[in-house]
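Working notes, beginning with the structure itself.
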2 protein chains.
Amino acid sequence: MRITSSVEYATRLMVALSRAFGQTPLSAETLSETENVPVDYVNQILLRLKRAGLVESHRGIRGGYTLSKRPEQVKLGQVVRAVEGEIFESVCGRYEGGKKDCHHQGRCGISPVWRRLGAMIEEYFDGITLDNLMQEQGMPCPVKLEGLFHER
Amino acid sequence: MRITSSVEYATRLMVALSRAFGQTPLSAETLSETENVPVDYVNQILLRLKRAGLVESHRGIRGGYTLSKRPEQVKLGQVVRAVEGEIFESVCGRYEGGKKDCHHQGRCGISPVWRRLGAMIEEYFDGITLDNLMQEQGMPCPVKLEGLFHER
DNA sequence: ATATACTTGATCAATTTAGTCAACTATGTT
DNA sequence: AACATAGTTGACTAAATTGATCAAGTATAT
């Protein structure tokens, strides 16, 4: 379980765009240099972010990318979903044993444990905004998880 | 971000061994059948669990595996660490950009966000015991995360 | 003795992740 | 209009990880 390079890079790119919010667009080339990410990879990631509606692109000589929304209105969860599809992939049914004779239904308590973990992680990511990420010390106290554990 | 088959299988195997706790050992062959996991893979996973001290092996004609400790004394976190090494791999420095001109040090708030996520996930796994997993409804309310978000 | 069953390390295939490439389209500037 | 900048697209490749298999052992209860 780890943060992939796509997510790491996407997050850094979004923070860079947050810093430049309200100013002129940042080109993929520029972002590639300041963030030390291969330019083609930057383009690929920005394209996914664009398709998710998180950034806008501007062609031509002084083109580049800008945030679609204000930094405080963009959640880290949206960024992760844009590049990964799903934040936490459900496990039930993915493996042979699970499908054929699923021990995740009525016979043991494993399934809810995975589900809650997924919910917890999503909640965590959705509780953090780009604005939080721009702060030196990270976000203050973004998530309230109490409810999750009593959910039935 | 997902639960790997090793973790899924290891968890199921440990729950099966929990059910048989105090009884005769369960052979890899038996576990393979009841859990629908290839027998060689079962052996591989059980070996890792053994090296982590979570199960004991018994050779010979009525041999097999037994839990080393009572189900309520084994944490899910230990099971995950036994098969995966680390529950959540630290990201800082893993990628080129991070090493060369790390944006995770003093200049933005990304790093603490990953660290806290990792701490949260570890805390979650360590708050669940095999005993919890045996219950139909999963564990009750294993984790208190309040402290995590104010940690500095 | 012998059948059962754990032990070990190597190997292999499938999948995912990371990164590259090339051909193209749009746009501002001169 | 010409041109340079810069986004767009999809295919492609390489590396790493994951999932699974195999073979040649060793130990032990009966």
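What you see below is based on every heavy atom in this structure, not just the backbone, and it leaves out hydrogens, waters and symmetry mates.
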Roughly, in whole Å, what's the span from CD1 in B/Ile45 to C1' in C/dC6?
15 Å
Between A/Glu29 and B/Val39, name the one whose nearest nucleotide on DNA chain D is closer to the 5' end.
A/Glu29
Could you tell me whether the phosphate oxygens of D/dT8, OP1 or OP2, come under 4.0 Å of any side-chain nitrogen or oxygen in A/Lys50?
yes
Give one of base, sugar-phosphate or nothing for B/Arg51, where a contact means two heavy atoms less than 4.0 Å apart.
sugar-phosphate
Rounded to the nearest 0.5 Å, what separation is found between the CE atom of B/Met14 and the CZ atom of B/Arg19?
13.5 Å
The criterion is salt bridge (Lys or Arg N to Asp or Glu O under 4.0 Å); which residues satisfy it with B/Glu72, sequence neighbours excluded?
B/Arg70
Minimum-distance nucleotide to A/Ala28 side chain [options: D/dG7, D/dA20, C/dG19]
D/dG7
Listed partners of B/Ser18 passing side-chain hydrogen bond (donor to acceptor under 3.5 Å, both in side chains), at least two apart:
none
Who passes salt bridge (Lys or Arg N to Asp or Glu O under 4.0 Å) against A/Arg81, sequence neighbours left out?
A/Glu122, A/Asp126
If I take atom CG in residue B/Leu47 and atom P in nucleotide C/dG9, what distance separates them, rounded to the nearest angstrom?
9 Å
Expected string for nucleotides 22-30 of chain D under the B/S/- scheme (protein heavy atoms, under 4.0 Å, primed atoms plus P, OP1, OP2 as sugar-phosphate) is B---BBBSS
Test of understanding: with ring pair (Phe, Tyr, Trp, His ring centres under 6.0 Å), list the residues that count as partners of A/Phe88, not counting sequence neighbours.
none
List the atom pairs, donor and acceptor, that lie under 3.5 Å between side-chain atoms in residues 58-66 of chain A and the rest of the protein, sequence neighbours left out.
residue, atom, partner, partner atom, Å
A/His58, NE2, A/Thr66, OG1, 2.9

